Amino acid sequence: MFAWSTLVYPEIFVYVLSIYFIYNFIYEKEPPFVFRFITTLPFLPLIFLAHTSYTLTSYDLTNCDRSAFEGPLIQYLYAVELLFVIAIVGLAINGYRKSNIEDKPRIFYVTLGVLAFLLSFSFGNIIGSTSLDWTIGQYGLFGAPVFVGLLTYVIVKYKAFDIRVFGAQVLIVILAFLALSQYFFAQNWYGLVLTSVTVVFVAVIGYILTRSIIRTRNRSHELEHMTAKLGEANDKLRQLDNAKSEFISIASHQLRTPLTAIKGFVSLLLEGSYGKADATLQDVLNKIYVSNERLIRLVQDMLNVSRLESGRMEFKIVPTRIDEMLRDVYNSFLIIAKNKNLKFELALPTKELPQVMADEEKLREVVSNLLDNAMKYTNEGEILLRAEVASFGRVVRITVADTGIGIPDDELPYLFNKFSRGKDINRLHASGTGLGLYVGKQMMEAMGGRIYAESKGVGQGSEFFLELVTSE
Ligand code: ADP
């Protein structure tokens, strides 16, 4: 009779576990202490009354089913069960309201399953104990498959549980039961020892296994979380980068106009349009002109970079004759070369060069940039601008050679990177952005050509080559 009356414990326990389950499912964490404490309280009266006639009023030794669970404690049980059901519904509604749209159906189906199970279970028990016909009562357990069915649906459809953890735990529990069941079959003491060893073994392995699975799962959750954050950060960076390009573009536009005006006036002054300037003034004007030219190129480079990066740079690539342009560029640098006392030569073949596929204005900028560098990085000696046909007539190669500071081997591969400047360059030549060659490379590639550099080493001069395909 004592044993039979203990049946009232699991009855409440089922409800307690159900509410824990719902709590865990909705809030994805263990219920807090207060919650656990309150849900444990209903067990208290059971301890004192479960095994008295308040619970089981009579007991049929030959047929347990006939025993009468009719005491007042049974009514208490039903009341507690009802309270639990209400609490579960409350929790679920609250969770449902606060959850986001993807979680709503999961919460709905799982709660429905739990309720189907609990209600049919209670209902079966109520019928069983009031009619004392437990054959009808046992149908109440059919709520359980409904619950399992809905749970499976939610797992498959909405990936509600991490099936790896879930599956591993189920497997371990089954293994544990199998191992424990061996106790029934153990016939002697070493059978018992063997079983005990197996049980301990399964427990330890099970523990390690679940822990490692949970750890991997947490890590992959973290990873997902971090990936999402990184994505956001990346978007923000991109926006910032765009804003920066936009700013540079506007700023350089604004800078270009006054610089061009300065260039015009200085040229006029040098030509003597405002009266003849004496030698000292000429010298100063030359210096202004040269610095101004450099500023113009710098602004142009920044503008080019922002255009290249926002994809707004347009190329008009057509078959082009470049002899004239080269002469032009050469002439515009004569003044700078003279200022620095450098020998400056132009070497074009006697026969006109074949047409090449290029955008003349862009090519002019690239050549100017190379010459500007050559002048900047050469303190004495000579600079040569040469053009020739190469690769059996397939390309035209333009060379800018100087006798300047040269380029160390380890810097050669990085010259054409954005913002890349030589290690000692800042000290030697403060002006410069490290953009010229980068822009040059981008432009040459867009025109289907290439750009490369050679140098025998520090102090040995440098050579820069541009190659363009001929269109004939
Ligand atoms: P900037 O000249 O503004 O620094 P560039 O992109 O034009 O930027 O050049 C990148 C780097 O390549 C320079 O800082 C310099 O170290 C090196 N370089 C370019 N041209 C020459 C040259 N003619 N002689 C030696 N070094 C050069």
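Residues: numbered from 1 along the sequence shown. Whatever order the structure lists them in is the order used to number ligands and atoms, beginning at 1. Just so we're clear, the structure is a prediction, and the values are computed from it rather than from any experiment.
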Participant: Regarding Asp283 and Lys287, does a basic nitrogen lie under 4.0 Å from an acidic carboxylate oxygen?
Facilitator: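 Yes, this pair counts.
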
Participant: Between Glu232 and Lys236, does any side-chain N to carboxylate O distance fall below 4.0 Å?
Facilitator: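 Not counted as a salt bridge, because no side-chain N and carboxylate O are separated by less than 4.0 Å.
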
Participant: Report yes or no: does a heavy atom of Gly404 sit under 4.0 Å from some atom of ligand 1?
Facilitator: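 No, Gly404 has no heavy atoms under 4.0 Å from ligand 1.
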
Participant: Check for me whether Gly440 has a heavy atom closer than 4.0 Å to any atom of ligand 1.
Facilitator: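 False for this residue.
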
Participant: Record the part of Leu437 in heavy-atom contact with ligand 1 below 4.0 Å; permitted values are side chain, backbone, both and neither.
Facilitator: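 The part of Leu437 near ligand 1 is both the backbone and the side chain.
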
Participant: So which bit of Phe416 gets within less than 4.0 Å of ligand 1, heavy atoms only: side chain, backbone, both or neither?
Facilitator: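 Under 4.0 Å from ligand 1, Phe416 contributes no heavy atoms.
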
Participant: Does any N or O of ligand 1 fall below 3.5 Å from an N or O anywhere on Leu415, backbone included?
Facilitator: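 No, no N or O pair falls under 3.5 Å.
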
Participant: Indicate yes or no: at least one non-hydrogen side-chain atom of Leu334 is less than 4.5 angstrom from one of Tyr330.
Facilitator: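 Contact flag for Leu334/Tyr330 side chains = yes.
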
Participant: Does even one non-hydrogen atom of Ile407 get within less than 4.0 Å of ligand 1?
Facilitator: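 Contact present.
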
Participant: Considering only NZ, NE, NH1 and NH2 on the basic side and carboxylate oxygens on the acidic side, decide whether Glu361 and Arg364 come within less than 4.0 Å.
Facilitator: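 Yes.
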
Participant: Please verify the inter-ring angle class for Phe344 with Phe333; under 30° counts as parallel, over 60° as perpendicular, anything in between as tilted.
Facilitator: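 The arrangement is perpendicular - the two ring planes meet at more than 60°.
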
Participant: Heavy-atom distances under 4.0 Å decide this one: backbone, side chain, both or neither, for Leu435 against ligand 1?
Facilitator: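 The answer is the backbone.
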
Participant: May I ask you to check whether Lys376 has an N/O atom sitting below 3.5 Å from an N/O atom of ligand 1?
Facilitator: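 Yes, at least one N or O pair falls under 3.5 Å.
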
Participant: Flag Tyr438 as yes when one of its N or O atoms lies below 3.5 Å from any N or O atom of ligand 1, and as no otherwise.
Facilitator: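 In this structure, Tyr438 places no N or O atom under 3.5 Å from an N or O of ligand 1.
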
Participant: So if I count the atoms of ligand 1 from 1 in the order they appear, which ones are less than 4.0 Å from some heavy atom of Phe464?
Facilitator: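 This gives 19 (C), 20 (N), 21 (C), 22 (C), 23 (N) as the contact atoms.
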
